[in-house]
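To start, the structure under review is shown below, and the notes come after it.
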Amino acid sequence: MMDGTDPLSMFAAANETPAMAHSTTTGDLLRKRREKEEEDVGADFVPWSSKRGEILARFTTTEKLSINLFMGSDRGKALSPGSSAVSDKVRTRLEELDDLEEGSQKELLNLSQQDYANRIEELNQSLKEAWASDQKVKALKIVIQCSKLLSDTSVIQFYPSKFVLITDILDTFGRLVYDRIWTMCSDSQILPENFTSEDVNDTAKETCLNWFYKIASIRELLPRLYVEVAILKCNRFLNKSSIQEILPRLTAMIRGIGDPLVAAYARAYLCRVGMEVAPHLKDSLNRNFFDLLGTFRQISGESVQNQLVVQRVETPEYLTLYSPAINWILQCIAYRAPEPLLTEMIERCKTLGNNALLLNSVMRAFRPEFVAARATDFIAMIKDCDESGFPKHLLFGSLGCSLSSADPPESERLTILNEAWKVITKVRSPQDYINGAEIWVEFTCRHFSKREVNTVLADIIKHMTPDRAFEDAYPQLQSVIRKILTYFHDFSILFSMERFLPFLDMFQKDSVRVEVCKSILEVFIKHQVELTRDPVILNAMLHICKTMHDSVNALTLEDEKRSLSLLIIGFIRVVSFGRDFEQQLSFCVEARATFCNLEPVMVQLIHTVNQLAMETRRVMRGNHSRKTAAFVRACAAYSFITIPSLSSIFSRLSLYLLSGQVALANQCLSQADAFLKAAVSILPEVPRLISVEGKLRSSESFLLDFINSFMATLLVVPDHPEHGVLYLVRGLLNMVQDYTWEDNSDAKVRVYIGALPLLAAMSQETFLYSVPKVDSNETLYGGDPKFLSEINKLCETLIGQILDHLKILGREEQTTRRQSTLAFSLFNVLLAHGDLRNNKLNQLSVNLWNLSHKHGHCETRFSVRTLEHIKHQAQQLDMAHLSDTVQRLALQSRT
Amino acid sequence: MSVTLDIRLKRANKVYHEGEAVAGVIVLMCKEALQHHGISLNMEGSVNLQLSSKSVGVFEAFYNSVKPIQLISNNIEVAKAGKIPGGKTEIPFEFPLNTKGNKVLYETYHGVFVNIQYTLRCDMKRSLLAKDLTRNCEFIVHCQPQKSKVVPTPVNFSITPDTLQNTRERSLLPKFLIKGHLDATNCVISQPLTGEVMVENSDVPIKSIELQLVRVETCGCAEGYARDATEIQNIQIAEGNVCHSLAIPIYMVFPRLFTCPTLETTNFKVEFEVNVVIVLHDDHLITENFPLKLCRV
């Protein structure tokens, strides 16, 4: 043979360009520009990125793969431009190339699919590294070697995925080259968005031209083609119209690829880049498709068939390998294409003997509306298809996909469903069957009633039950449920489908089962707006909720429990038996038994029952009959025995209080007493620290709040005839006294100060408020002096305690501020609730005022306001004594 | 003390024609002021001829006669001995690209046995202690466009076992019929070689179809000459068993530097040919040769 120098390396040597200088601003601009350009194709064009994952997931192999690269030793020496003589550079570059060319051929054998993907990703990384370190030749070399891998069809099932992986690298390369040339242009000023070749400076043009010359001299067809397509966009820098001429040339060039599968994917890549760079040039897209049709006969040709025999791949499987490529090409063509063009495409496919593969792609890629309008024609075409190559159920699957988003004419719908299901139901393999059935469920739900859907479900159950085939089809079965839920929001219809619950029984893996139940409940809560008592719904939902509840175990996460509880609560809230209160109560009883592990549900049930009692009261307008009185007592009993099962102390406390109030409102005095007594008795159990949203916090403020509202209720609770006067108040105060409060806390004294207004209110002739039909202490004692003296005694004790505490606080410098605050609040209580005509009390309050101002910790603003208030009060009738008091209250001098 | 010397041409593509001025700047970068004994710039253009090893034995007689043919040589002093300030200094220069007498400026060509090259060399003389600095920079000369118009003449070809010449066992050859055409054999160097090839039928699958660009360089004079054909590049246009009766495009870009308009002088010749090579699956090689005439318009 002849000898000569490889022009590629010489050109590489000649193409010396300054190092990349990426400032952040240019980087940002580049990104923005790229985003902008992607918009050229409308948002309704499904981008390649969304197909990628699908292809990678679908075309997999367990065979061992190999990568044959002529790369290897990383002589990663970045050449610093301008530092050495040209000849040196030439030499280094040539050495580098020789190095890549000769000894370093590397063949990686026995790679698993994952290894393969990792290797390709490594190459992608080393491409970026090589580029960043200014080793442009190495970068090009990597890209060329990668594209060469695409001519290898040895593990043919993996080819589509391989295409995806390798074109990722090509895309990276195309972007790098484009961005680099773009940066070169924007040295002096930044290029406008819609720049033309005139705006590009000579250096950039020359570099761009160099790339194209370099690529034109790549020896092998496939790399030359792929790499040129990868940097197709760079033609913008050279000539505006050139892309128009280049696309047809590249299209024609693909004819030289002998392997039809390799050619089909090369066309897909060309169309993909073409759509991105010049979406308006439709002709070459069509040209590509016609060329593809022209070479279709090769598939049945000898060389392809021989290859299939060697690789032991069946023709139907082989044909599916084409789908992603053909789908993509057709999608590009069909995008915003006029109807006549699409019709013409179909005609062309027909003339090719109704090739099933093409038909499949047509249905996948063309607008669903277009397909739906001709659904009957398509069915006829599917029937005419040659059975041998492409399985018909896949064709029906594709048709189903189109029909699930666009509607065929109404009159044809039933025929379509019958035709499709006839084919699907005959599919033997459960996996193939469920894939098809899942698609058609959507069409069925969309257009037909529960009867048809029920039939479909029955059919699925029949197919999937033998050999527990459903175990491998959970995702599809879940999708079936999802689709049904999208279309059936009326749960009485849904649950009256005989096969719906049996269908749910197929989900036998716990996690999936709960997942499905949750999705049903979510839809239920969203769409069941009206209250319901429908036994069908209730039974089914209870069953579903029970399934969810039963999935809870010791290992269940808190979040999971919370979300399950929320869903179940949502269900409980829509259950209503209207006036049939007893039935409602027995539902709650049943629910309590069923959901005993979920505390929030328990809480909700107690609320529901309390509400029920109040509702009963409302219906009876406050006058309970014997029957309703017994019923509300039953409600109280329900709450009373449910509350202790809760673990959260504050839930228990507040529910006791609430239930006590409800009982009181319903004139169940002994029940109310029991609730409140229970609340008091568990007070000592309140821990000093509780966990709030995962953090430990002091419980003091919660406890104070609770005690205050508890005391407010105590005003109207009549004393129990068998216990002493103010039995509950005393009980509460005793508990407060014995409670182990935090060290250095005034909480106890604040409770005492808070109890004073209660006692003051109790000593009134008529109470501030009362519960209808309940006799409070005012009527029981009627202002009995003995009762009043009891109250007085209590008050004295409390004030004594408070004053003791104030004294202690006065001992130390640090606590004077607390002393001042407490003294001031006690002063306020006395002012509001005490009778200051009493000299002793009057003196006490003046002393308190002075104490609170003693150390200058009092807000002057509050003091002034208080004084004004007292003066205002003094003007009222019977309050004249206050004006004397005011005289004695000195404001703190501002020093 | 480091100093770098660089020549930067004004034109990014470094392409000049006869009669134009080669303009640019000499860039000097040094950290501090620098003493020198003069800077000069030299423009050289020459044809280097080399005999291939297989020819040497036969033509040893005139081996000596194969010495470089000088096409152009110019020298100017850029700066007299003196001092350059520290930092970056740019000294602009301009050279007219004119020949003396009746010499012709051939187009730049990098071949195996014939090399036509134009360079600028910048020399900076320095004191005895420091080394002199030199910097080379190649620039490219394109010859004047040809006046007459190029009329493309398509060439059709058809290859069958019977049309082949260089075969020993014609009977063992599989049957095939390959047709095609080149759009022109007198090509414009800046435009690609185009055409089509179509496999009508073939008993044996095709492995590959390639285009081989070949240079034919002839060195010598009246006493005798050496003629050598070497490959410039080989471009695959079809891979694998291509679809029959489908026209496959022939397309090849002429590489720069390695091709020039076909050249014929008294001392040497540079000519080009293209081979359409069809490799069959049993590794049979079928070649069809087309001489090309390249020109610049």
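All chains are named by letter (A, B, ...) in the order of the sequence lines, taking the proteins before the strands, and each is independently numbered beginning at 1.
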Fill in the blank from the handout: Smallest heavy-atom separation, A/Ala216 atom then B/Ile235 atom, equals O-CD1, 3.2 Å
Exercise for the section: Could you have a look at B/Ser245, B/Ala247, B/Pro205 and say which one has the most heavy-atom pairs with chain A under 4.5 angstrom? Expected result: B/Ala247
Handout entry: Side chain / backbone / both / neither for A/Thr295 at chain B, heavy atoms under 4.5 Å
Key = both
Problem - Closest non-hydrogen atom pair between A/Ala252 and B/Pro249, with its separation - result: O-CD, 3.1 Å
Completion exercise
Output for pair (B/Ile237 CD1, A/Ile257 CD1), nearest 0.5 Å, gives 12.5 Å
Exercise for the section: Measure the spacing between CG of A/Asp291 and CG of B/Leu246 and express it to the nearest 0.5 Å. Expected result: 6.0 Å
Handout entry: For B/Phe254 against A/Tyr213, the heavy-atom pair lying closest together
Key = O-CE2, 3.8 Å
Handout entry: Residue among B/Ser208, B/Ala238, B/Gly240 with most heavy-atom pairs under 4.5 Å to chain A
Key = B/Ala238
Fill in the blank from the handout: Output for pair (B/Tyr251 OH, A/Arg249 CZ), nearest 0.5 Å, gives 3.5 Å
Practice task
Below 4.5 Å from any heavy atom of chain B, which atoms of A/Gln298 appear? Answer side chain, backbone, both or neither.
Solution key: side chain
Practice task
Could you grab the distance from atom CG of A/Leu209 to atom CZ of B/Arg256, nearest 0.5 Å is fine?
Solution key: 5.0 Å
Practice task
Heavy atoms only, distances under 4.5 angstrom: which of B/Val242, B/Leu213, B/Ile206 has the most pairs with chain A? Name it, please.
Solution key: B/Val242
Exercise for the section: Any chance you could measure A/Leu221, atom CG, to B/Ile248, atom CD1, to the nearest 0.5 Å? Expected result: 9.0 Å
Problem - Pair A/Arg255 + B/Glu239: basic N to acidic O under 4.0 Å - result: no
Practice task
Decide, yes or no, whether a salt bridge links A/Arg219 with B/Glu210 under the criterion of side-chain N to carboxylate O below 4.0 Å.
Solution key: yes
Fill in the blank from the handout: Separation between OG (A/Ser217) and CE (B/Met252), nearest 0.5 Å, reads 11.0 Å
Handout entry: B/Gln236 backbone acceptor or donor facing A/Arg224 side chain under 3.5 Å
Key = yes
